[in-house]
Amino acid sequence: MSKALTYISAILILTLIGIFVCYILYFSFDFPYQDDVTLLEFINTTKNTPWNWSDFFQALFRVDNDHSIVIPRLVTWIDYLLVGQVNFQHLIWLTLSELILILYLLYRLFKRQKLHLVYFIPVAFLWLQPQYHEVSNWAITGLQHGHVTLFLLTSLYLITEDKAYALTWSIVLAFFASFTFGNGFIVFIALAYVYLLQKNWKNAFIIGICLLLFFAFYLQIYHMGQAVKFHWNIKHILLSFLGFIGASAMEFPKIGLVFSWFIGFIVVSIFTFFSIDHSKFNLKNKDQGTYLGILTFILFSAGLIALVRSAEHYTIYSRFQLYASLSIIIVYLHMLLHSHKRYHNILLIGMLLYSIPFYGLSYFNHSIAQQYQKMSFIADRINWKNNQTILSVSSGFLMNAKPILLEAEKKRIYSMNHPWKDPLEQSKTLSITELSIPIQAKEYKEIMQQKHATWLNHYYWLEFQQFPFSSGIKKQWFMILKPTNKINHSYILPIQFALNGKKNFLSMENYRADYGSIRINHESLKSGIYKLYLWNLDTQLPSSKNALYALKQIIQVDSQLHTLVLK
């Protein structure tokens, strides 16, 4: 093919990388979100004087909720040593770098097939998108799934390229993966499977012994977490297993769930067929061995997660959809490997017809959640400074996280300083307009049942059907709750707008609809009567120049009765 097509392909792929990097950098925020506090807890525990290596290693290898997260803790510790504080933005940037590096490793695998660069374009569309935003924009899940995937691809690349000391390095990387996240030990299984396909019994046996050694050590420190719930609902297990593998199809409206089951079935069928084919005819094909090793990891991960996470419903989480994208990529590369050249263009067109709509829908469907999460983090910083509370999470989680955050701030391990001031502090010089918006308060109670705990997740939604101002994507609207007793500080909450319809969006209407809601975890508020204000925050301007509107409604919170009343 022409050099011009090569240049166009390279420019397109680099553009997709640039869009992905800018997107992550824009929506990421230095804030300890939910499980991130376990990383702070590790630094809190080990920052002792005098230094105690015993305490350090005990905290480093401690199992949290079924996972030994040694590598994420070490990375956080190194970041702390380098800059003097834990910075979750740095951890997200590291994950972003790893995701780009994973794309490069996929390109190295692709390059071994000696195909034109244009055939790699669907891989970039499938990988560089926000469906798995819980990995790309959440520090701890990024450190977990990003590292495991990187260790997997690197170890398989080493053994199929017959690099010097490949077996030794692949075993080291498999141990790293096993001490990164719960499914990391499956890297051992993937490596052993590739050696079995090659009928290299010796190396497969060595890998098996190393896996047993890992479990022998792991069982000494393991205790069952809250999320594990073994069950034998075969329907849920099977459909979660297939849906997990084909979850990239979840972006397509109406048919997403059924489509994901279908794709999962196709991937399993292709894996089974080519595993048999490889053992019979293609023992020396290093590309096929690598691809089958990656699919082995994905299939075993899907089975494990379906077994322990699908007791009540089908399990398809954003953080696991990274593997769903990877499964489609590997099947596509595998089919290019096994098809005649005259069919390559058909495969390319078919994958572009799938990957481009998927890419666009992924950005469309998930950007609104990304913006709301960033707004929640901004609000949490202000609420923490004013009231030492975080309203984006349930009161139960806040109770667990608060002492860790307080200790981290006391030891100067982490701080939540912010450049914004409460606009109501400047209300004497600020023009406040009275406003009436029809709002309804709806109560929600959800019983949370896990392996070792049961609790009530209790909160309210303030819902509105018509917002009187622009709901454009650039507008960051918040609700401020000002206590009437003038003793307590104000609280701030982000407004969550609904996603506008695709037809409306394409006809040049707002990306966000003009209706939405405000979630209030009222049990984290102090008792009292609160006036309500709308605030349009522009972080590039002084707070005094941001618009502020007083609502006619008030809310009354009773922390003893656990109630919220809108008046």
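All residue numbers refer to positions in the sequence shown, counting from 1.
At distances below 3.5 Å, at least one donor-acceptor pair connects side-chain atoms of Ser155 with backbone N or O atoms of Leu152. In terms of modelled atom types and a separation under 3.5 Å, the side chain of Asp79 and the main chain of Asn87 share a donor-acceptor contact. Between the side chain of Lys411 and the backbone N or O of Asn44, at least one donor-acceptor pair lies under 3.5 Å. At least one donor-acceptor pair under 3.5 Å links the side chain of Ser362 to the backbone N or O of Gln131.
Tested against Arg73, the residues Leu143, Asp64, Ile78 include a single side-chain contact (heavy atoms from CB on, under 4.5 Å) partner, Asp64. Between Thr76 and the options Leu40, Ile140, Leu39, Ile71, a side-chain contact (heavy atoms from CB on, under 4.5 Å) holds for only Leu39.
Residues Lys385 and Asp380 are not paired through a salt bridge, judged by the lack of any N-O separation under 4.0 Å between the basic side chain and the carboxylate. A salt bridge between Arg62 and Glu41 is present, with a side-chain N of the basic residue lying under 4.0 Å from a carboxylate O of the acidic one.
Residues Glu98 and His147 have side chains that bring a donor and an acceptor to within less than 3.5 angstrom of each other. Checking His458 against Glu443 by side-chain atom types alone, a donor-acceptor pair falls below 3.5 Å. Looking only at atom types and distance, the side chain of Tyr460 has no donor-acceptor partner in the side chain of Thr563 under 3.5 Å away. In the model, Gln496 has no side-chain atom that pairs as donor or acceptor with a side-chain atom of Ser376 under 3.5 Å. Checked by atom type, the side-chain pair Thr160/Thr290 shows a donor-acceptor distance below 3.5 Å. Residues Trp53 and Gln58 bring no donor and acceptor atom of their side chains to less than 3.5 Å of each other. Checking Ser28 against Gln89 by side-chain atom types alone, a donor-acceptor pair falls below 3.5 Å.
If you look at Phe88 and Tyr414, their ring centroids are closer than 6.0 Å. Checked against a 6.0 Å centroid threshold, the rings of His145 and Phe181 count as neighbours.
In this structure, Ile413 and Gln85 have side chains that are not in contact, with every pair of non-hydrogen atoms separated by 4.5 Å or more. Taking the side chain as every heavy atom from C-beta outward, Phe175 and Ile171 approach each other to under 4.5 Å. Counting only heavy atoms from C-beta outward, the side chains of Tyr491 and Leu525 approach each other to under 4.5 Å.
Note that Lys374 lies in the cation-pi zone of Tyr26, set by a 6.0 Å cut-off to the ring centre and a 45° limit from the axis. A cation-pi arrangement is not found for Arg381 relative to Phe31, the charged atom failing to lie both closer than 6.0 Å to the ring centre and inside a 45° cone about the ring normal.
Taking the six-membered ring for Trp and thresholds of 30 and 60 degrees, Phe61 and Phe217 have ring planes more than 60 degrees apart, a perpendicular arrangement.
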Next on the checklist: Is there a side-chain contact (heavy atoms from CB on, under 4.5 Å) between Phe478 and Ile495? Walk through the geometry before answering.
Outcome noted: CA-CA 5 Å; Phe478 295 84; Ile495 296 179; 5.6 Å; no
Next on the checklist: Run the ring pair (Phe, Tyr, Trp, His ring centres under 6.0 Å) test on Phe20 and Trp127 for me, step by step, so that the C-alpha distance in whole Å, both residues' side-chain angles and the decisive distance to 0.1 Å come before the verdict.
Outcome noted: CA-CA 10 Å; Phe20 185 69; Trp127 188 249; 8.3 Å; no
For residues 299-308, tabulate all N or O donor-acceptor pairs below 3.5 Å that involve a side-chain atom, not counting sequence neighbours.
| from | atom 1 | to | atom 2 | distance (Å) |
| --- | --- | --- | --- | --- |
| Ser301 | OG | Asn183 | ND2 | 3.1 |
| Ser301 | OG | Phe297 | O | 2.9 |

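Other residues, nucleotides and ligands contribute more than 12 heavy atoms inside 6.0 Å of the CZ atom of Phe215. Summarising the local packing, CH2 of Trp461 is surrounded by more than 12 heavy atoms from other residues, nucleotides or ligands at distances under 6.0 Å.
Partners of Glu251 under the salt bridge (Lys or Arg N to Asp or Glu O under 4.0 Å) rule, at least two apart in sequence or in another chain, do not exist in this structure.
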